[in-house]
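Each chain gets a letter, A, B and so on, in the order its sequence line appears, and its residues count up from 1. Note: hydrogens, waters and symmetry copies are ignored here, and every other heavy atom, side chains too, is used.
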Amino acid sequence: MTYEVQNSDFTDRVKKWIKKIPSGKVATYGQISSLAGHFNGARQVSWILHSCSAKDKLPWHRIINQRGTISLKPGSGFEKQKTLLEAEGVLFDKHNRIDLDRFLWMPNETIFAEKKWCFFDK
DNA sequence: CATATGACGATAT
DNA sequence: AATATCGCCATAT
């Protein structure tokens, strides 16, 4: 069963930002949510990907969680996402974690600094 | 209208 | 360090 995301400015902005993530970089759910206007709307981002990442041809595999790991479970897309990212040059350590200092996409450092959306200083 | 859900995130225990 | 709980958001039922 497929779901249609209804008209929502927030949802539209989320999808717009997701499409901007360049190959070889990753973004977090919360980061995309922040860029789209809600610093704490990460759950909606996951729902959007769950419902229409295929239909809208979104680079869904470039979205990971804040800890730098893949949120999908083994057997439910984890391996596929890891394969896609590795094909783009994203490296995983022995704990299947991505170094956000190296691979996190930072489209506008000024915005992040001013809004204090601290994704990078941990 | 009320509740449940999810590929989340931060905080509390 | 590992869970548990709560907050948030749009959608589903």
Side-chain angles (χ1 to χ4, degrees):
Chain A
M1 176 173 183
T2 58
Y3 297 97
E4 295 289 334
V5 172
Q6 300 175 6
N7 292 331
S8 160
D9 290 341
F10 175 67
T11 296
D12 289 340
R13 289 197 297 275
V14 165
K15 294 200 285 189
K16 183 192 70 173
W17 280 109
I18 291 174
K19 290 177 180 176
K20 289 186 175 182
I21 305 171
S23 174
K25 289 290 183 179
V26 297
T28 70
Y29 300 88
Q31 177 186 5
I32 295 298
S33 177
S34 294
L35 290 169
H38 293 291
F39 91 94
N40 48 358
R43 306 197 66 161
Q44 177 63 6
V45 175
S46 74
W47 194 92
I48 292 167
L49 295 177
H50 180 79
S51 60
C52 61
S53 60
K55 180 175 73 67
D56 292 338
K57 297 187 169 65
L58 301 176
W60 60 272
H61 56 284
R62 300 187 185 132
I63 314 295
I64 62 177
N65 61 38
Q66 182 65 24
R67 290 169 26 210
T69 63
I70 291 176
S71 293
L72 290 171
K73 298 174 184 175
S76 299
F78 174 92
E79 295 85 353
K80 183 177 181 181
Q81 182 170 10
K82 183 178 180 183
T83 299
L84 287 170
L85 287 174
E86 287 180 327
E88 296 183 348
V90 176
L91 302 179
F92 290 75
D93 68 13
K94 54 187 173 182
H95 303 304
N96 281 323
R97 209 178 53 200
I98 297 169
D99 184 356
L100 293 183
D101 291 331
R102 285 187 59 187
F103 297 106
L104 186 70
W105 179 49
M106 294 197 291
N108 189 330
E109 299 182 41
T110 302
I111 289 177
F112 285 99
E114 290 180 348
K115 299 294 184 180
K116 297 179 180 177
W117 292 329
C118 306
F119 299 102
F120 327 111
D121 57 358
K122 292 183 178 178

Side-chain N,O (A/Ser71) to OP1/OP2 (B/dC8) below 4.0 Å: yes
When rounded to the nearest 0.5 angstrom, what distance separates CG in A/Leu91 from CG in A/Asp99? 9.0 Å
Choose from B/dA7, B/dG9, C/dT11 the nucleotide whose nearest atom is closest to any side-chain atom of A/Asn65. B/dG9
Could you measure between the two P atoms, the one in B/dA7 and the one in C/dA2, and give it in whole Å? 23 Å
Take the protein atom CD1 of A/Ile48 and the nucleotide atom C1' of B/dC8, then report the distance between them rounded to whole Å. 12 Å
Is there a side-chain contact between A/His38 and the phosphate of C/dC8, meaning an N or O under 4.0 Å from OP1 or OP2? no
When you get a sec, tell me which of C/dC8, C/dT11, B/dG9 is the closest nucleotide to the side chain of A/Trp47? C/dT11
Angle class for the A/Trp17/A/Trp105 ring planes (parallel below 30°, perpendicular above 60°, tilted otherwise)? tilted
For A/Leu72 and B/dA7, what is the distance between atoms CG and C1' respectively, to the nearest whole Å? 4 Å
Output the rounded distance in Å from OH (A/Tyr29) to C1' (B/dA10). 17 Å
Could you state the atom-to-atom distance from CG of A/Asn40 to C1' of B/dG6 in whole Å? 16 Å
Quick check on B/dA7: is either OP1 or OP2 less than 4.0 Å from any side-chain nitrogen or oxygen of A/His50? yes
Where the side chain of A/Thr28 is concerned, which of B/dA7, B/dG9, C/dC9 is the nearest nucleotide? B/dG9
Under 3.5 Å, is there an N or O donor on one side and an acceptor on the other linking the side chain of A/Arg43 and the base of C/dG7? yes
Per A/Ala42 side chain, nearest of listed nucleotides B/dG9, B/dA7, C/dA10: B/dG9
Flag the pair A/Gln31 / A/Pro107 as yes when at least one side-chain heavy-atom distance between them is below 4.5 Å, and no otherwise. yes
May I have the distance from A/Leu104 (atom CG) to B/dG9 (atom P), rounded to whole angstrom? 11 Å
Residue pair A/Asn65 / A/Thr28: nearest heavy atoms and the distance that separates them: O-CG2, 3.8 Å
Would you kindly give the CZ-to-C1' distance between A/Arg67 and C/dA1, to the nearest whole Å? 12 Å
In this structure, how many angstroms lie between the P atom of B/dG9 and the CD atom of A/Gln44, rounded? 14 Å
May I ask you to check whether over 12 heavy atoms, not counting those of A/Lys16, lie within 6.0 Å of atom NZ? yes
Rounding to a whole Å, what distance do you find between A/Phe39:CZ and B/dC8:P? 17 Å
